[in-house]
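Note sheet for the following structure.
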Amino acid sequence: MSLDVPPPFSHPIEAEFARILDFYGIPWEYEPRTFVLARDNHDRITAAFSPDFYLPDQDLYVELTTMLPNQIRHKNRKLKRLRELYPEINIKLFKRGDIRSLMIKFGIDDPDMLHNEL
């Protein structure tokens, strides 16, 4: 859910997504949980994943990325591993094209937001 003081978003597109959620009264949390994906032989975390948003009413995590399609392989691997380890977790990845469509639908016309990788 949005707070009086906005969280320090990693990318402007996250702030826009939060504004859309707020506009429609959709409760959200920003990066509320980190999922451990791998540990070394000493039980130290070597890989983890923190989805951008959690929508409690939908029990859905949302990850946003503005990476170009040929650069998204690493993020897809993390999502695949998350789904293997935590099959009960619902997560949706919004890729660059999805975000562009969302921005157009909601009248946000700032193409520069998609140029910096998230």
Side-chain angles (χ1 to χ4, degrees):
M1 188 174 314
S2 62
L3 308 170
D4 292 334
V5 177
F9 293 111
S10 300
H11 192 279
I13 211 71
E14 293 175 343
E16 287 300 326
F17 188 74
R19 280 192 272 281
I20 291 168
L21 294 173
D22 284 345
F23 179 81
Y24 285 98
I26 299 170
W28 57 272
E29 299 172 25
Y30 182 68
E31 296 185 345
R33 181 173 175 190
T34 298
F35 296 92
V36 175
L37 301 180
R39 295 180 183 268
D40 66 12
N41 293 337
H42 301 286
D43 205 34
R44 292 179 296 222
I45 297 170
T46 57
F49 185 67
S50 300
D52 298 317
F53 289 88
Y54 177 65
L55 311 180
D57 289 356
Q58 289 80 19
D59 188 26
L60 175 69
Y61 287 89
V62 175
E63 176 67 13
L64 306 172
T65 184
T66 57
M67 291 178 174
L68 294 172
N70 63 346
Q71 299 170 332
I72 201 168
R73 188 173 48 244
H74 178 70
K75 192 164 290 222
N76 281 333
R77 274 196 299 260
K78 280 190 165 190
L79 281 170
K80 181 179 178 190
R81 184 69 177 145
L82 182 139
R83 288 180 177 126
E84 290 169 355
L85 295 173
Y86 306 92
E88 74 282 4
I89 298 299
N90 298 316
I91 187 162
K92 170 72 174 144
L93 175 64
F94 283 83
K95 297 177 184 175
R96 187 180 184 99
D98 301 322
I99 295 169
R100 180 178 292 117
S101 296
L102 190 66
M103 289 174 61
I104 291 167
K105 180 177 181 175
F106 291 99
I108 302 166
D109 189 19
D110 188 352
D112 291 334
M113 273 194 218
L114 294 174
H115 290 294
N116 298 328
E117 286 191 359
L118 172 69

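Values reported hereafter were calculated over all heavy atoms of this structure, with side chains retained and with hydrogens, waters and symmetry mates removed.
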Legend entry - Cation-pi, Tyr86 ring and Arg33 (6.0 angstrom, 45 degrees): yes

What's the shortest heavy-atom distance between [X] and [Y], and which atoms?
{"X": "Pro32", "Y": "Pro51", "value": "CD-O, 4.4 Å"}
{"X": "Lys95", "Y": "Asn76", "value": "CE-OD1, 4.3 Å"}
{"X": "Ile45", "Y": "Ala48", "value": "CG2-CB, 4.1 Å"}

Nearest 0.5 Å please: distance from the [atom1] atom of [X] over to the [atom2] atom of [Y].
{"X": "Leu82", "Y": "Arg77", "atom1": "CG", "atom2": "CZ", "answer": "15.0 Å"}
{"X": "Glu84", "Y": "Lys80", "atom1": "CD", "atom2": "NZ", "answer": "5.5 Å"}
{"X": "Asp59", "Y": "Glu88", "atom1": "CG", "atom2": "CD", "answer": "9.5 Å"}

Would you say that [X] contacts [Y] through its side chain, given a criterion of any heavy-atom pair below 4.5 Å between the two side chains?
{"X": "Tyr30", "Y": "Ser10", "value": "yes"}
{"X": "Leu64", "Y": "His11", "value": "no"}
{"X": "Asp52", "Y": "Thr65", "value": "no"}
{"X": "Phe49", "Y": "Thr34", "value": "no"}
{"X": "Phe35", "Y": "Ile89", "value": "yes"}

Inset, instruction - Return the set of residues passing side-chain contact (heavy atoms from CB on, under 4.5 Å) with Thr46 (not counting sequence neighbours), or none when no residue passes. - result: Ala38, Asp40

Legend entry - Contacts of Leu85 that satisfy side-chain contact (heavy atoms from CB on, under 4.5 Å) - sequence neighbours left out: Leu37, Arg81

Inset, instruction - In sequence, state the C-alpha distance, the side-chain angles, and the governing distance for Glu31 and Phe53, and then conclude on side chain to side chain contact (heavy atoms under 4.5 Å, CB included). - result: CA-CA 5 Å; Glu31 296 185 345; Phe53 289 88; over 6 Å; no

Legend entry - Trace of the side chain to side chain contact (heavy atoms under 4.5 Å, CB included) decision for Leu79 with Ile91: CA-CA 8 Å; Leu79 281 170; Ile91 187 162; 3.4 Å; yes

Legend entry - salt_bridge(Glu63, Lys75) N-O dist < 4.0 Å: yes

Legend entry - Parallel, tilted or perpendicular, as decided by the 30° and 60° cut-offs, for the rings of Tyr61 and Tyr54: tilted

Inset, instruction - Would you please test Val62 and Phe94 for side chain to side chain contact (heavy atoms under 4.5 Å, CB included) and show each step? - result: CA-CA 7 Å; Val62 175; Phe94 283 83; 3.5 Å; yes

